[in-house]
Amino acid sequence: MKKFYLTTPIYYVNGAPHIGHAYTSIAADVLARWRRLDGCAVFFLTGTDEHGQKVEKAAAEAGLDTQSFTDRVTDDFRAMAMAMGISNDDFIRTTEARHKRACVALWERLVANDMIYLGHYEGWYAVRDEAFYGEDELVRKPDGTRLAPTGAPVEWVREPSYFFRLSAWQEKLLAFYEQNPDFIAPVARRNEVLSFVRGGLADLSVSRTSFTWGIPVPNDPAHVMYVWLDALTNYITAAGFPDESDPRWRFWPADLHIVGKEIVRFHAVYWPAMLMAAGIAPPRRIYSHGWWTVEGEKMSKSLGNVIDPRALIAEFGLDPLRYFLLREVPFGNDGDFSRRALITRLNGELANDLGNLAQRTLSLIARNCDGRRPAIGERMPADTALLAAAAALPGGLDERITRLAFHEALEEVWKIIRAANAYIDHQAPWALRKTDPARMAVVLRTLADALRVIATVLQPFMPESMARMLDQLAVPASARDLAALAVELPAGVALPAPSGVFPRFVEPAG
RNA sequence: GGCGGCGUAGCUCAGCGGUAGAGCAGGGGAAUCAUAAUCCCUUGGUCGGUGGUUCAAAUCCGCCCGCCGCUACCA
């Protein structure tokens, strides 16, 4: 059986989950569910990143000890995954013992390979912000003094730090990208990474002494591991590292890390270099998705327009939200979230195109076929044309979903849905009822079969709604994967009374 | 400053050498099984500008304009 290991980033727990987190997780979830539907052994990982100074600070502000604070926030992320229907197989926290063990093991391997050395970290530090800033981020005052972007004064500080010999990996990384042209996608992001690496790599500071909320460096507890080593390592922790006899280890290397564009560099440059330096295979692919704006504006706490996905679910339902997020925008692009656009998709595509197609088909069967699935009968060219188009969906979708082209995949399905609506109008089974009942039965069976394919392939996108549609089509739970589509369903089986799957959204009067 | 991306119908975008496409929105018609849903027809673009290559350019090349991303440097 083929294996597939995919991950979301681990989410940083200094704030509450929002639509951006939901987007990443939903996209990964669709892919995970698709692979399972196709018979793959899937390991789907998500989790939370819980160390670092910002978390320490956020906990203090919340008046909690750090561990209690992270416990609370990670529960919130877990609850969000649940609310979003995320089908992760594991949920990792960087504060877990298994993760500390993995980080220490990785560190020791890097030390053994002479890839880590003790040096000094230098930079502009703002005491008020407890953060380092790059030269380019600073604002120069006319009198020559420098200020952080936040307005805080900065000073040049020097603290001991362990370094990873990233500079030794420039050529090897370039060769790796060359040999694996699909390693970074979309292409625009790949170009940026290539350009960054070609520009030269400096050694990477991988420890800090300025805070303690982290994993202590082996044999030098004054240091804790800095974010790169700590956070990225989660992907091998969950696969059992360093225990290579762990059953999970067969999932490594990860087939795909889905990331936001702000962390591409860490995943596409630092991570493979660290792994190769430790003698571990790098992941197969990194895919970077875009950002959402809200009603045309950047999402930010200060604007107060940060969207809580759970509020959207309450109003529109989970599946319409999942559908919208993946349908509205090509996965690698930025997009805009607007209420109007969501309602347009929900009503036009889910309620009118698909929901109504299922409803009219099923109610015709209920009323005119004794509520039983009709026999296949003698098919006409129009019937076989529709069914052939439907039968091509799994292959077409697989190719598109593999490219993370979710919007294209959905468009492919909607082509068939539109064709089915045209078909039912042209065949007019409600007229055949009087003139040619046998033909009517064939038409309705054809539609039921087309709907079965449509509902089957849409399950990863809208699990709950499509389960209900398959229920109404009386497709047994054991016959809902892609392989089952090759087997015709028996005629004469009673169908449950139809009920709408996607009600139209009507704006509350006010 | 360097590298890269984008600019096509009112909107969102596809097309990337052979005389412009989709969805939505707009207009007209049909039907009435269905969630007043659907189907059919249709209006609409000098493909950012400008030079060039070619028998032929939205599609290739140069320059210009406008957005955006990554990255660098100077005072």
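So that the names make sense, note that chain A is the first sequence line, chain B the second, and so on, each numbered from 1.
- Between C33(B) and C39(B), the two C1' atoms lie 13 Å apart (nearest whole Å).
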Polar atom pairs between nucleotides 31-41 of chain B and protein, under 3.5 Å, N or O only, would you list them?
from	atom 1	to	atom 2	distance (Å)
C33(B)	O2	R360(A)	NE	3.3
C33(B)	N3	R360(A)	NE	3.4
C33(B)	N3	R360(A)	NH2	2.6
C33(B)	N4	R360(A)	NH2	3.0
A34(B)	OP1	R367(A)	NH2	3.2
A34(B)	O2'	N356(A)	OD1	2.5
A34(B)	N1	R360(A)	NH2	3.3
A34(B)	N3	N356(A)	ND2	3.2
A34(B)	N3	R360(A)	NE	3.0
U35(B)	O2	F502(A)	O	3.3
U35(B)	O2	R504(A)	N	3.4
U35(B)	N3	F502(A)	O	2.7
U35(B)	O4	G355(A)	O	3.1
U35(B)	O4	F502(A)	N	3.3
A37(B)	OP1	R504(A)	NE	3.4
A37(B)	OP1	R504(A)	NH2	3.4
A37(B)	O2'	N352(A)	O	3.2
A37(B)	O2'	N356(A)	ND2	2.5
U38(B)	O2'	R360(A)	NH1	3.3
U38(B)	O2'	D425(A)	OD1	3.1
U38(B)	O2	D425(A)	OD2	3.0
C39(B)	O4'	D425(A)	OD2	2.8
C39(B)	O2'	H426(A)	NE2	3.3

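- Taking the six-membered ring where the residue is Trp, Y177(A) and F183(A) present parallel rings, their angle staying beneath 30° rather than reaching 60°.
- Checking each of E349(A), E412(A), E411(A) against R418(A) for a salt bridge (Lys or Arg N to Asp or Glu O under 4.0 Å) leaves exactly one that passes, namely E411(A).
- Using a 4.0 Å cut-off between charged nitrogen and carboxylate oxygen, D449(A) and R379(A) count as a salt-bridge pair.
- Remark: C1' of G23(B) and CD of E412(A) are 13 Å apart, rounded to the nearest angstrom.
- Residues N234(A) and T94(A) have side chains that never bring a donor and an acceptor to within less than 3.5 angstrom of each other.
- A9(B) and G4(B) are spaced 27 Å apart, taking the P atom of each and rounding to whole Å.
- Neither side chain, N180(A) nor R285(A), offers a donor N or O lying under 3.5 Å from an acceptor on the other.
- Taking the C1' atom of each, U59(B) and G48(B) are spaced 16 Å apart, rounded to whole Å.
- Rounded to whole Å, atom P of G2(B) lies 17 Å from atom CG of N191(A).
- In this pair, H257(A) and W271(A) present their aromatic rings tilted. The plane angle is within the 30 to 60° band.
- Only the C1' atoms considered, A30(B) is 45 Å distant from C67(B), to the nearest whole Å.
- Taking the C1' atom of each, C47(B) and G18(B) are spaced 16 Å apart, rounded to whole Å.
- Looking at heavy-atom distances under 4.0 Å, R189(A) makes contact with sugar-phosphate atoms alone, never a base.
- With a cut-off of 3.5 Å on both pairing distances, the Watson-Crick or G-U wobble partner of C24(B) is G10(B).
- Comment: E408(A) engages R403(A) in a salt bridge, judged by a side-chain N to carboxylate O separation of less than 4.0 angstrom.
- Spacing of C1' atoms, G5(B) relative to C74(B), comes out at 27 Å, to the nearest Å.
- Rounded to a whole Å, the CH2 atom of W291(A) is 15 Å from the C1' atom of C70(B).
- Across all strands shown, A30(B) pairs with U38(B); the Watson-Crick or G-U wobble distances both stay below 3.5 Å.
- Between H18(A) and H21(A), the ring planes lie tilted relative to each other; the angle falls in the 30° to 60° range.
- G17(B): no Watson-Crick or G-U partner with both key distances under 3.5 Å is found in any strand.
- Shown here, G69(B) forms a base pair with C3(B); the pair counts as Watson-Crick or G-U wobble because both key distances fall under 3.5 Å.
- Residues R322(A) and E464(A) are not paired through a salt bridge, judged by the lack of any N-O separation under 4.0 Å between the basic side chain and the carboxylate.
- Rounded to whole Å, the separation between the P atoms of A14(B) and C60(B) comes to 15 Å.
- Cation-pi contact between R345(A) and Y323(A): absent, since separation from the ring centre below 6.0 Å together with deviation from the ring axis within 45° is not met.
- A 3.5 Å limit on both hydrogen-bonding distances identifies C61(B) as the Watson-Crick or G-U partner of G51(B).
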Please produce a list of atom pairs where a protein N or O lies less than 3.5 Å from an N or O of nucleotides 10-16 of chain B.
none

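- Per the geometry, CD belonging to E349(A) stands 8 Å off P belonging to C24(B), to the nearest Å.
- Side-chain N/O atoms of W34(A) and D398(A) include a donor and acceptor closer than 3.5 Å.
- U19(B) and G45(B) have their C1' atoms separated by 15 Å, given to the nearest Å.
- In the model, Y11(A) has a side-chain atom that pairs as donor or acceptor with a side-chain atom of S25(A) under 3.5 Å.
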Which atoms of nucleotides 6-9 of chain B (N or O only) lie under 3.5 Å from a protein N or O atom, and what are those distances?
none

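- Below 30°, between 30° and 60°, or above 60°: for F505(A) and F316(A) the angle between ring planes is between 30° and 60°, a tilted geometry.
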